[in-house]
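Quick notes on the structure that follows.
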Amino acid sequence: MLTFLRSQAVSLIASGVDFLVTIFAVELLGIWYVAATVLGTISGGITHFSIGRTWVFHAAHGAIPTQATKYFLVWSGSFLLNASGVFMFTHYLGLNYIFSKVTISLLVGFFYNFILQKRYVFN
């Protein structure tokens, strides 16, 4: 349970980075919300890997290249789920991109990221 709670704390931090980058890119730089979601997701992924490897899963003993490769594979799926989900919720449902991003991020985080990171990446 402690691992799950730590993972959620790190996910909040990484999501904060993700959201700040996304909103900054859309609102201040005028970048299309899907492209901004991509930038945010990349920033959040780097943050999450860095903290998750050491503090959440205590996997600093593992080889960084192996873990990074596995993380990249899982992250790629997360990236696709996040970007396509935000696009579908915003474009087809007419929801605000921030609401779409929050909803999709929570779904992907709980039902995809944590499970695969625990059982595959940092196992």
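Residue Phe79 holds its CZ atom at 6.5 Å from OG1 of Thr41, rounded to the nearest 0.5 Å. Remark: Ser11 OG to Ile51 CD1 distance equals 10.0 Å, nearest 0.5 Å. Rounded to the nearest 0.5 Å, atoms CD1 (Ile23) and CD1 (Ile98) are 4.0 Å apart.
Under the 4.5 Å side-chain contact rule for hydrophobic residues, Val17 and Val56 do not share a cluster. A continuous path of ILVMFWY side-chain contacts below 4.5 Å connects Leu81 to Ile46, so both sit in one hydrophobic cluster. When hydrophobic clusters are built by joining Ile, Leu, Val, Met, Phe, Trp and Tyr residues whose side-chain heavy atoms come closer than 4.5 Å, directly or via intermediates, Tyr120 is not grouped with Ile64. Residues Val21 and Leu29 fall within the same hydrophobic cluster, defined by Ile, Leu, Val, Met, Phe, Trp and Tyr side chains chained together at heavy-atom separations under 4.5 Å.
Heavy atoms from other residues, nucleotides or ligands lying under 6.0 Å from NZ of Lys118 number 12 at most.
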Hey, mind stepping through Val121 and Phe57 against side-chain contact (heavy atoms from CB on, under 4.5 Å) and telling me if it holds?
CA-CA 10 Å; Val121 176; Phe57 298 106; over 6 Å; no
Is there a side-chain contact (heavy atoms from CB on, under 4.5 Å) between Phe87 and Tyr92 once you walk through the steps? CA-CA 8 Å; Phe87 175 76; Tyr92 294 115; 3.9 Å; yes
What verdict does the side-chain contact (heavy atoms from CB on, under 4.5 Å) test give for Arg6 and Val10, after you've listed the backbone C-alpha separation in whole Å, the side-chain angles of each residue and the deciding distance to 0.1 Å? CA-CA 6 Å; Arg6 284 184 179 183; Val10 172; 5.5 Å; no
| message | For a side-chain contact (heavy atoms from CB on, under 4.5 Å) check, start with the C-alpha distance between Phe122 and Phe49, then their side-chain angles and the critical distance, and finish with the verdict. | response | CA-CA 10 Å; Phe122 299 113; Phe49 175 79; 3.8 Å; yes
Validation: residues 30-40 side-chain donor-acceptor distances under 3.5 Å, sequence neighbours left out:
unit_1, atom_1, unit_2, atom_2, d
Thr37, OG1, Tyr33, O, 2.8

Show the atom names and distances, to 0.1 Å, of all donor-acceptor pairs under 3.5 Å that link a side chain in residues 103-116 to residues at least two apart or in another chain.
unit_1, atom_1, unit_2, atom_2, d
Thr103, OG1, Phe99, O, 3.0
Ser105, OG, Lys101, O, 2.7
Tyr112, OH, Val74, O, 3.1
Asn113, OD1, Ser78, OG, 3.2
Asn113, ND2, Ser78, OG, 3.4

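A distance-only check finds a donor-acceptor pair linking the side chain of Arg53 to the backbone of Gly62 [under 3.5 Å]. In this structure a side-chain-to-backbone donor-acceptor pair under 3.5 Å is present from Thr69 to Pro65.
Nearest heavy atom pair, residue His48 against residue Ala14, reads CB-CB, 3.8 Å.
In terms of the side-chain hydrogen bond (donor to acceptor under 3.5 Å, both in side chains) criterion, Ser43 has no residue partners (sequence neighbours excluded).
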